[in-house]
Amino acid sequence: MYMSTDEIRRAFLAFFESKGHQIVPSSSLVPANDPTLLFTNAGMNQFKDTFLGLEKRSYTRATTAQRCVRAGGKHNDLENVGFTARHHTFFEMLGNFSFGDYFKQDAIKYAWEFLTDVLQLPQDRLLVTVYETDDEAFDIWNKEVGIPADRIIRIGDKKGGKAYESDNFWQMGDTGPCGPCTEIFYDHGEHIWGGRPGTPEEDGDRFIEIWNNVFMQFNRQADGTMEPLPKPSVDTGMGIERISAIMQGVHSNYEIDIFQTLIKEAAAVIGHDDLSNQSLRVVADHIRSCAFLIADGVMPSNEGRGYVLRRIIRRAVRHGNKLGAKGAFFYKLVGPLAEVMGTAGEELNKQQEMVEKVLKIEEENFGRTLDRGMTILAEALDSLDGKVLDGETVFKLYDTYGFPADLTNDVARERGFTIDEEGFNDAMEAQRQRAREAGQFGVDYNDAIKVDADTEFCGYSSTEGESTVVALYREGEQVDTVNAGENVLVVLDNTPFYAESGGQCGDTGVMQADGVLLNVTDTQKFGAAIGHYGVMSEGSLNVGDKVAAKVDAKRREAISLNHSATHLLHAALRQLLGEHVTQKGSLVKPEGLRFDFSHLESVKPEQLREVERLVNEQIRRNHAINTDLMDIESAKQKGAMALFGEKYDDEVRVLSMGDFSTELCGGIHAKNTGDIGLFKIVSEGGIAAGIRRIEAVTGEAAIDALHAQEALLTETAGLVKSDAASVASKVSALVAHSKQLEKEIQQLKDKLAAQESAGLINQAKDINGVKVLIAKLDGADNKGLRGMVDEMKNQLGSGIVVLGNVSDDKVGLIAGVTKDLIGKVKAGDLINMVAQQVGGKGGGRPDMAQAGGTDAAALPAALESVTPWLAEKL
């Protein structure tokens, strides 16, 4: 039975919805609040805190079609992508999850029912694996599902490994939830080489894993002890590309409908006819990861996630160029991708224009980078003493300029050189090791604060309330009593204190009772509980005590004004710059607000003024700020903006300010926009590629900012002997005069340099038939040294010039070699030899090189060493 990839996706979600599962949208490829992951790489990532018991949800069964990327860290398949049947940078993981609800029996039966009843796969093509000692799973498969024992394979621990190191035993980290797995394999047939799981031939392509059921039933302690979890859970995953290949009667993932469409589109935009070319498969795979990463807010850069994205883009572009692509082509595949992804492409559809723009800019930039990399490679080869280019240089070209080692090797071979492949591989392995170390879960699950209590937040309408203490913590340990002078964490049954979330900082204030005073310094969420950090100033506090909780109302008011202004700012930016503008982060404090958003270029001053005007116009209109509670779908129909990648409850708060702004928000806000008073932008700038930041103030702080600007203007006017109205024209005239003076000074310096050159040329001496000028200067302009050397080389016709200069106790060095002599002497080698003697280093082209140094006293001796050094070379 043929099924398209989109039909399989919809059928899977509908099946588990019929089994009582909540359909949860795919989370962002950028893991929320999880520094242990580079990208979302598994379906369970967004539920990690739920499995850990740190977060409670309104449902105990969930199902997803999660977008994943594996192209960095320990999950790095990049080099294999396009050259094997099932390696991808981007893939979708279909999953069903149980949070302390059903366990092994239902999970196994659901999987079997979907595969054999819904998809109608032949049962004799399926076989399963279980962990070697998991008799329970074995019996369910054998006695209840009816799979013969010879098609159930027990997989034990790896030889020589630790206990529980098995392909069929899953662990979140060195500690925490873990448990056995049972995997389902599909037999593609005898005509394909490969053996059953657990055999020496298991790496072949005949038996392919399509579904993995993980049974979290233990909590692993630091000493290796396995404690049974009170609420065993289920985490499953089935790669949609693999099951699509089976349902579409093909063997390679690249033969399924999605990839065939993308390969044809890639061939068309590149202008290549051979659809079987592996480079087309690379391009088709890479457009998926690149487009969705950009849609989720990742921008090309030289570090972190942006660096991985840049590598993938450049790899795709290079493969396109190998096929003869002329000009930018990669960005043209975004539209076809959004269409072929069906229901999974909705988010990409909304941001297609922005994604295309980012890809096009990056592709064009790579063209210029390619030229720069080729120049550096040529210089490196020119300076070689032998015939082998060292591995570190090969890695630098790969790491910094996107030059794959094979491209560097091709260029080197054309010039009669080879590359140090072993050294390059060592550098690559060192990088992979750093990535693996950065990708470990850094916190012992058993050390994390886990709060079972729920806290009701009652602070929307009041800043005071009566509460009961339900839990106390001191230095991470749960206790029954805390005393004066101790730093504590207090959990209440209900609280008016807002816990930090959605960019709004946590409330501060006090808790009081008879003889008891706790100064609350911060408020944070712990799952469904709200924790109050503070210092016990007086008395003792016990679990069960009643306290009066009082928020710092003035501070809260300042925060609420800034938070409401953030919503107006967001709406104004989208109205003025375009709907590609989406929030990428925010911070709302009493002092002001910070708002990060997606935009590819700086916001022009006139645009910032218009943003201010729009926001202040809405403030003057004094809209009522209304909050409505509704389900998420109703909220979207009302036009509320939801932040992609954020998790929302079944019931959400929809905040609206007239018809200007409608967003989902659980924060604290003013009652009317007029309460904000005044909105003033303080700064705008870039914080990452494609991400801008605006900082602003409101109310009294905005008035203070205007007064400060006025005072600065008055002070500036006084300095230039002008009034405020004429200060701009006066400063402009002074700047023009200053530039004219600088120009005249430079002209005088050039004349002096020419005169000094004329005097120095007579000092040239002969070394083995070559004219050489070596001179020490004092206080010359380092910027003018290059011009002096060029003039001297012209006068010599054929020769070598070495100048050393001391200015402000800093040494400047420059060497020039006429082109007829660079086969014998390279300026870079010469200048490095001198620079090392004066505490510096430098480099440049074979005919011109510069360096700096710190040891002025050593300069005379360093210059004297030039003559014997040149005598050996000439």
Side-chain angles (χ1 to χ4, degrees), residues 500 502-508 552-577 581 583-597 599 601-623 625 657 660-661 667-687 691-720 722-732:
E500 179 179 342
Q504 179 175 327
C505 64
D507 278 334
T508 63
D552 183 336
K554 185 176 181 181
R555 181 177 181 274
R556 160 78 75 83
E557 181 183 21
I559 294 170
S560 67
L561 298 182
N562 286 323
H563 200 160
S564 298
T566 302
H567 284 240
L568 294 176
L569 171 61
H570 192 187
L573 287 168
R574 285 174 63 84
Q575 181 174 317
L576 184 66
L577 303 179
V581 170
Q583 179 177 332
K584 296 302 178 185
S586 69
L587 177 62
V588 182
K589 302 185 296 182
E591 301 83 16
L593 64 95
R594 189 178 76 199
F595 186 75
D596 301 338
F597 58 98
H599 191 56
E601 54 194 4
S602 62
V603 185
K604 299 178 178 65
E606 58 270 24
Q607 292 175 318
L608 289 175
R609 286 195 295 272
E610 179 62 13
V611 168
E612 277 189 349
R613 189 196 68 76
L614 285 170
V615 172
N616 282 305
E617 180 182 49
Q618 300 306 313
I619 291 172
R620 291 193 303 274
R621 289 186 178 184
N622 199 26
H623 297 296
I625 300 177
M657 304 179 191
F660 189 74
S661 171
I668 307 292
H669 288 272
K671 293 181 179 179
N672 301 284
T673 59
D675 298 341
I676 299 170
L678 179 66
F679 172 83
K680 177 62 181 168
I681 293 175
V682 176
S683 67
E684 187 276 341
I687 60 169
I691 306 293
R692 311 297 298 179
R693 170 173 292 173
I694 283 179
E695 296 189 58
V697 288
T698 63
E700 191 173 336
I703 294 173
D704 290 342
L706 290 175
H707 287 165
Q709 286 185 349
E710 185 179 4
L712 183 61
L713 179 62
T714 301
E715 182 182 358
T716 304
L719 290 171
V720 298
S722 173
D723 55 35
S726 306
V727 70
S729 59
K730 185 69 180 231
V731 170
S732 178

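Basis for what follows: all heavy atoms, side chains included, without hydrogens, waters or symmetry-related copies.
D552 has its side chain out of reach of R556: every pair of non-hydrogen atoms, C-beta onward, lies at least 4.5 Å apart. In this structure, L593 and L569 have side chains that are in contact, with non-hydrogen atoms separated by less than 4.5 Å. The closest side-chain heavy-atom distance from I619 to L568 is below 4.5 Å. With a 4.5 Å cut-off on side-chain heavy atoms, L577 and F597 count as touching. At least one side-chain heavy atom of Q709 sits under 4.5 Å from a side-chain heavy atom of L706.
S661 places no side-chain N or O within donor-acceptor distance of the main-chain N or O of A571, the cut-off being under 3.5 Å. With hydrogens and angles ignored, the 3.5 Å screen pairs a side-chain donor or acceptor of S560 with a backbone N or O of E557. Between the side chain of S732 and the main chain of A728, no donor-acceptor pair closer than 3.5 Å is present. Between the N672 side chain and the G674 main chain, no donor and acceptor come within less than 3.5 Å of each other.
Aromatic ring orientation, H567 versus H669: perpendicular (interplanar angle above 60°, classes split at 30° and 60°).
With rounding to the nearest 0.5 angstrom, the CG atom of D723 is 10.5 Å from the OG1 atom of T714. Of the inter-residue distances, the one linking E617 atom CD with F660 atom CZ reads 8.0 Å to the nearest 0.5 angstrom. Between the OG1 atom of T566 and the CZ atom of R594 there is a distance of 11.0 Å, given to the nearest 0.5 Å.
Here the closest non-hydrogen pair linking E591 and V697 is O-CG1, 3.6 Å. Here the closest heavy-atom approach between residue Q504 and residue G667 is recorded as OE1-CA, 3.6 Å. Pairing each heavy atom of N622 with each of T673, the nearest pair is CA-OG1, 3.2 Å. Between L678 and A702, the closest heavy-atom pair is O-CB, 3.6 Å. In plain terms, the two heavy atoms of C505 and K589 that are nearest each other are SG-CA, 3.9 Å. When all heavy atoms of H563 and V588 are compared, the closest pair comes out as N-CG1, 3.4 Å.
Among pairs with a residue in residues 691-703, those fulfilling side chain to side chain donor-acceptor pair (under 3.5 Å) read N562-T698, D596-R693, E684-R692, at least two apart in sequence or across chains.
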Decide side-chain contact (heavy atoms from CB on, under 4.5 Å) for V727 and V720; before the verdict, give the C-alpha distance in whole Å, the side-chain angles of both, and the deciding distance to 0.1 Å. CA-CA 7 Å; V727 70; V720 298; 4.0 Å; yes
One pair to check against side-chain contact (heavy atoms from CB on, under 4.5 Å): L614 and Q618. What are the steps and the verdict? CA-CA 6 Å; L614 285 170; Q618 300 306 313; 5.7 Å; no
Stepwise side-chain contact (heavy atoms from CB on, under 4.5 Å) check, L573 with I694: CA-CA 10 Å; L573 287 168; I694 283 179; 4.1 Å; yes
Under 3.5 Å, side-chain donor or acceptor atoms of residues 601-608 against the rest of the protein: list the pairs with distances, not counting sequence neighbours.
residue	atom	partner	partner atom	Å
Q607	OE1	K604	N	2.9

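Ring pair H570/F595: centre-to-centre distance below 6.0 Å.
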